[in-house]
Amino acid sequence: MSAHITVANTNVDMPVKEGTIGPSVIDIGKLYGQTGMFTYDPGFTSTASCESKITYIDGDEGILLYRGYPIEQLALNGDFLETCYLLLYGELPTAAQKADFDYRITRHTMVHEQMMRFFQGFRRDAHPMAVLTASVGALSAFYHDSTDISDPTQRMIASMRMIAKIPTLAAMAYKYSIGQPFVYPMNSLDYTSNFLRMCFAVPCEEYKVNPIVSRALDRIFILHADHEQNASTSTVRLAGSSGANPFACIAAGVACLWGPAHGGANEAALKMLQEIGSVDRIPEYIARAKDKNDPFRLMGFGHRVYKNYDPRAKIMQKTTHEVLSELGIKDDPLLDVAMELERIALSDEYFIEKKLYPNIDFYSGITLKAMGFPTSMFTVLFALARTVGWIAQWKEMIEDPSQRIGRPRQLYIGERQRDYVALNQR
Ligand code: CMC
């Protein structure tokens, strides 16, 4: 199949490429050469930036697949490290492969002792995302032996290091912000229990991991592990396309994730629920969300790709109820506000017409807060979980023989060429 367009009397035939599932794409690579024109698509609403075998989303049907496996099945039956293996290698591990992978990850959890000093340079009130962005980038200054991206072994070592060390850095960012000593990783614990311990243990008493909370957080990590070519992943790919070292690329992803339209939405959603405060104030906020002259948006609602219920939000909602019940939180006013807000929004003409449904961030904040995390840590947890997705996408790009540096074009609307005017004549 091919697509035909006519541009200023020039007929152009462009090949159409078929995917396994989902929309086909028109390959416009030769368009400029043949017509002298670019395409224009700010926000990439109709533009595929790459081929990928990792994650598939059907936004109309509310389907999310990692390497072909539905997110619901992975979240229910698997654990986060199994998902990491799947995203990185393309297949679910055998029992032996899983044991080996878990062992290798848990043996790379410590960070260079000098990193402690690096942390001391931050103000205590720094946002943990600022600290995480800097400390992930700083890994490139500590692990020189895994920054040659042309060497597959170094690529894999860097990947394992990042998956293993990101919980340690995330927990350190938290500990530093509350003035508590860093807690070293404990290799005998599973990935998520180890992270909980690094966040909540103190040297003066025993810390017991609650297995239900650990399992719930592990599931939250699975839900956040990858989401195809979103803003932060595209940032990682673009940064990586120049040949930049892997730690620097992931730091770029962390920085991009921080924004409130992306990973920062979980923090913003909880703050919004707190601001609404009680069920009787919901109509006021719904009216504000619908008002074109008011910049307010319902945080945790809407998605560029999902025009149906975000499948992750459904699992998240269930997990929220499980965690609150396990922790004995019977009446959480924020949960009441969230559930009523969801009910009202889903029956409101504005939200129905624009296909705005709760996304993953709508319920995650309530759950993370119940677990004891402050709001400033929510996006850090998202970054922790998304690291494997970023790495899998970065590796896929580097290993693609047709990979070239990413270089979008533009429609220039500035001044035409003009002559410099001397300072005393302006
Ligand atoms: N509340 C009220 N109106 C909304 C909302 C919302 N949350 N989201 C979209 N709209 C309206 C928007 O005003 C626009 O209306 P109109 O067509 O009349 O101008 C229409 O819906 C389409 O919105 P858009 O901004 O063109 O859509 P987008 O695809 O560019 O943005 C989004 C997607 C997620 C940035 C946006 O829905 C949003 O800002 N949501 C709140 C932030 C949020 O929850 N983000 C987390 C996304 S999921 C996690 C992740 O991927 O990081």
Side-chain angles (χ1 to χ4, degrees), residues 41-47 55-60 62-64 66 71 129 220-236 252-273 275-276 282-317 337-338 341-342 344-368 375 378-390 393:
D41 182 19
F44 297 98
T45 50
S46 297
T47 300
T55 293
Y56 174 74
I57 303 173
D58 183 332
D60 294 324
I63 292 171
L64 170 60
Y66 292 164
I71 188 68
M129 276 301 277
I220 293 173
F221 289 164
I222 296 173
L223 298 181
H224 286 87
D226 194 47
H227 215 225
E228 50 118 312
Q229 309 311 320
N230 54 81
S232 57
T233 303
S234 299
T235 301
V236 170
V254 179
C256 176
L257 185 76
W258 194 2
H262 193 6
N266 51 15
E267 183 175 343
L270 193 89
K271 284 186 176 152
M272 177 193 74
L273 293 174
E275 190 186 314
I276 298 176
I282 292 175
E284 178 195 327
Y285 282 84
I286 295 270
R288 284 187 60 194
K290 288 162 39 174
D291 181 355
K292 281 264 154 278
N293 300 318
D294 188 329
F296 174 78
R297 284 187 167 197
L298 277 194
M299 298 315 284
F301 258 81
H303 198 276
R304 170 62 61 79
V305 182
Y306 293 119
K307 301 302 168 199
N308 199 326
Y309 215 104
D310 178 342
R312 304 167 302 169
K314 279 192 192 151
I315 307 167
M316 198 62 241
Q317 190 196 46
V337 173
L341 187 61
E342 177 183 346
I344 295 178
L346 292 184
S347 57
D348 188 293
E349 206 37 56
Y350 174 93
F351 290 86
I352 295 171
E353 192 213 315
K354 295 190 188 305
K355 298 187 174 159
L356 298 170
Y357 290 84
N359 58 50
I360 187 169
D361 294 322
F362 191 62
Y363 283 102
S364 60
I366 299 176
T367 322
L368 298 175
T375 43
F378 293 177
T379 314
V380 170
L381 298 176
F382 191 158
L384 185 168
R386 183 57 58 84
T387 294
V388 64
W390 291 327
Q393 301 269 354

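Order of listing sets the numbers, starting from 1, for every ligand and every atom in it.
Panel note: side chain Thr375, backbone Glu267; no donor-acceptor pair is recorded below 3.5 Å.
Put simply, the side chain of Gln393 does not reach to within 4.5 Å of the side chain of Val236, judged on heavy atoms.
Once rounded to the nearest 0.5 Å, the distance linking CG of Leu298 with CG of Leu356 reads 8.5 Å.
Checking Phe351, Tyr306, Tyr309 one by one against Pro358, the side-chain contact (heavy atoms from CB on, under 4.5 Å) holds for a single residue, Tyr309.
For Tyr285, the ring pair (Phe, Tyr, Trp, His ring centres under 6.0 Å) partners two or more places apart in sequence, or in a different chain, are Phe296.
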Any protein N or O within less than 3.5 Å of an N or O in ligand 1? List each pair with its distance, or say none.
unit_1   : atom_1 : unit_2 : atom_2 : d
ligand 1 : 1 (N)  : Leu298 : N      : 3.1
ligand 1 : 3 (N)  : Tyr350 : OH     : 3.0
ligand 1 : 7 (N)  : Leu298 : O      : 2.7
ligand 1 : 7 (N)  : Phe301 : O      : 2.9
ligand 1 : 13 (O) : Arg297 : NH2    : 3.4
ligand 1 : 18 (O) : Lys292 : NZ     : 2.9
ligand 1 : 18 (O) : Lys354 : NZ     : 2.8
ligand 1 : 25 (O) : Arg297 : NH1    : 3.0
ligand 1 : 25 (O) : Arg297 : NH2    : 2.9
ligand 1 : 29 (O) : Arg304 : NE     : 2.7
ligand 1 : 30 (O) : Arg304 : NH2    : 2.9
ligand 1 : 39 (O) : Arg297 : NH1    : 2.9
ligand 1 : 40 (N) : Phe301 : O      : 2.9
ligand 1 : 44 (O) : Gly300 : N      : 2.8
ligand 1 : 44 (O) : Asn359 : ND2    : 2.9
ligand 1 : 45 (N) : Ala261 : O      : 3.3
ligand 1 : 52 (O) : His262 : O      : 3.2
ligand 1 : 52 (O) : His262 : ND1    : 2.6

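Relative to the ring axis of Tyr357, Lys355 does not place its NZ or CZ within 45° and under 6.0 Å from the centre.
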